[in-house]
Protein chains: 2
Amino acid sequence: MGLTKTEGYTQAQIELATVAKVLGHPARVAIVQHLLEINACIGNDLMDVLPLSQPTISRHLSELKKVGIIKGTIEGSSMNYCINAHRWREIRQMLGGLLGMEPGEQCC
Amino acid sequence: MGLTKTEGYTQAQIELATVAKVLGHPARVAIVQHLLEINACIGNDLMDVLPLSQPTISRHLSELKKVGIIKGTIEGSSMNYCINAHRWREIRQMLGGLLGMEPGEQCC
DNA sequence: TTTTAATATTGCAATATTGCTATATAGTAA
DNA sequence: TTACTATATAGCAATATTGCAATATTAAAA
């Protein structure tokens, strides 16, 4: 089918999965890391950083924007993209809540 | 194309993305949470927990196993699945390293 | 041995994802 | 205005993902 069922899961599970999925591509990981590292807003200088065409980068950016990880503001004829700090902390909570759980030591 | 390029990314980026991708489905999130919560090994009791058929659950389990999040040992005619504690900590480090980064406050 | 239970695999159909080229759009500069 | 720059969108082809029903496999139970 290719269509993920949504009934039967909690809203939290769906949102966690949605965010994880967006981070589930090396280009988007690279974009997020880059934005966190340079700690500044950029346009599509990403063409020098990623092995992808401009349209493809644009699509990855739009997926990151869709889940709120980044935001973009218009700056003349170019775009300023950056991490959405508030949302980033939310995501840290969300994923951190899962990652922070300790598995028992007596498992198989 | 539907094929993710791998050249041009670091091994760390690819691995991070691979793990995130596997967590990018509510069924797999639910499975991981369940295993962490009940802190015990289970078979396909998951049929009572997830709105999915047995074969579909089996596939999700195998994807989780592929990236090492869970492991399964044979227990007679059934399987004991559980979180791979060592790998789980590794993943916590990996994702935590990204999530822990602080975006600057001066962004757009 | 036959049956039952638990799990995995196969094969399929529907949909999603990724990437490209080509094109559109919008602002800036000449 | 025209030309240029930066970005987005449309449209396409290739591949991946998700889910199910049907079937295989394997071990325990009868």
Side-chain angles (χ1 to χ4, degrees), chain A residues 1-9 13-14 17-31 34-35 40-67 70-82 108, chain B residues 1-9 13-14 17-31 34-35 40-67 70-82 108:
Chain A
M1 293 197 153
L3 215 174
T4 296
K5 273 190 179 181
T6 53
E7 331 86 59
Y9 305 110
Q13 287 169 336
I14 292 171
T18 302
V19 169
K21 187 174 188 176
V22 168
L23 291 175
H25 192 290
R28 294 190 291 261
V29 168
I31 291 172
H34 188 67
L35 283 172
C41 308
I42 55 159
N44 266 17
D45 325 322
L46 288 170
M47 302 242 295
D48 301 330
V49 179
L50 300 176
L52 296 172
S53 68
Q54 178 269 321
T56 301
I57 291 172
S58 182
R59 267 246 283 265
H60 284 305
L61 287 167
S62 108
E63 301 216 31
L64 286 167
K65 198 158 60 175
K66 194 159 53 181
V67 299
I70 66 174
K71 52 185 173 178
T73 55
I74 299 168
E75 180 88 5
S77 64
S78 47
M79 283 293 271
N80 269 349
Y81 281 111
C82 63
C108 54
Chain B
M1 294 195 153
L3 215 174
T4 296
K5 274 190 179 181
T6 53
E7 331 88 59
Y9 304 110
Q13 287 168 336
I14 292 171
T18 303
V19 170
K21 187 175 189 176
V22 168
L23 291 175
H25 191 291
R28 293 190 291 261
V29 169
I31 291 172
H34 189 68
L35 282 173
C41 307
I42 54 158
N44 266 14
D45 326 322
L46 289 168
M47 302 242 295
D48 301 330
V49 178
L50 301 175
L52 296 172
S53 67
Q54 178 268 322
T56 302
I57 292 172
S58 181
R59 268 248 282 264
H60 283 305
L61 286 168
S62 108
E63 301 217 31
L64 286 167
K65 199 158 59 176
K66 194 160 53 183
V67 299
I70 66 175
K71 53 186 173 177
T73 54
I74 300 169
E75 179 87 5
S77 64
S78 46
M79 283 292 272
N80 269 350
Y81 281 112
C82 63
C108 53

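Proteins get letters first, then strands, A, B, ... in listed order; numbering begins at 1 in each.
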* Beyond-backbone contact of Lys21(B) with Lys21(A), side-chain heavy atoms, under 4.5 angstrom -> no

* Structure fact -> d(Leu61(B) CG, Lys71(B) NZ) to nearest 0.5 Å is 15.5 Å

* Out of dT7(D), dG11(C), dG19(C), which has the shortest distance to the side chain of His60(A)? -> dG19(C)

* **Value in whole Å for how far the C1' atom of dT9(C) lies from CE of Met79(B)** => 14 Å

* Determine: side-chain N/O of Ser77(B) to OP1/OP2 of dA27(D), distance under 4.0 Å, yes or no. => no

* Structure fact -> note: Leu3(A), atom CG; dA16(D), atom C1'; distance rounded to Å ~ 14 Å

* Would you mind reading off the distance between Ile74(A) atom CD1 and dT28(C) atom C1', rounded to a whole angstrom? => 15 Å

* Which heavy atom in Met47(B) sits nearest to a heavy atom in Ser53(B), and how many Å separate them? -> SD-C, 4.3 Å

* Atom NZ of Lys66(A) and atom P of dT9(D): how far apart are they, to the nearest Å? -> 11 Å

* To do: Specify the closest pair of heavy atoms between Leu23(A) and Val29(A), including all atoms of both residues, with the distance to one decimal.
  => O-CG2, 3.2 Å

* Earlier contact from the 5' end, DNA chain D, for Lys5(A) and Leu61(A) -> Leu61(A)

* dG11(D), dT17(D), dT10(C): which one has an atom nearest the side-chain heavy atoms of Arg59(A)? -> dG11(D)

* **base_contact_polar (dA8(C) base, Gln54(B) side chain, donor-acceptor, <3.5 Å)** => yes

* Result of checking Arg59(A), His60(A), Gln54(A) against Thr56(A) for side-chain contact (heavy atoms from CB on, under 4.5 Å) -> His60(A)

* **For atom CD1 of Ile57(A) and atom P of dG19(C), their distance in whole Å** => 10 Å

* To the nearest Å, how far apart are Lys71(A) NZ and dT7(D) P? -> 18 Å

* Asked: Nearest nucleotide by nearest heavy atom, which residue falls closer to the 5' end of DNA chain C, Gly76(A) or Thr4(B)?
  -> Thr4(B)

* Structure fact -> Against the side chain of Pro55(A), the closest entry in dA8(D), dT9(C), dA16(D) is dA8(D)

* Euclidean distance, atom NZ of residue Lys65(B) to atom P of dT7(C) [Å, nearest integer] -> 11 Å

* Asked: Phosphate oxygens OP1/OP2 of dA8(D): is one of them under 4.0 Å from a side-chain N or O of Tyr81(A)?
  -> yes

* To the side chain of Ser53(A), which of dC20(C), dT17(D), dT17(C) is closest? -> dC20(C)

* Minimum-distance nucleotide to Thr56(A) side chain [options: dA22(C), dT7(D), dG19(C)] -> dG19(C)

* Nearest-0.5 Å distance, CG of residue Leu64(B) to OH of residue Tyr81(B) -> 9.5 Å

* Which nucleotide in the set dT9(C), dT7(D), dA16(C) lies at the smallest distance from any side-chain heavy atom of Lys21(A)? -> dA16(C)

* Asked: Could you give the OH-to-P distance, from Tyr9(A) to dG19(D), as a whole number of Å?
  -> 6 Å

* To do: For the side chain of His25(A), starting at C-beta, report the closest nucleotide among dT7(C), dT15(C), dG19(C).
  => dG19(C)

* To do: For Leu52(B) and for Glu75(B), locate the closest nucleotide of DNA chain D by heavy-atom distance; then report the residue assigned to the nucleotide nearer the 5' terminus.
  => Leu52(B)

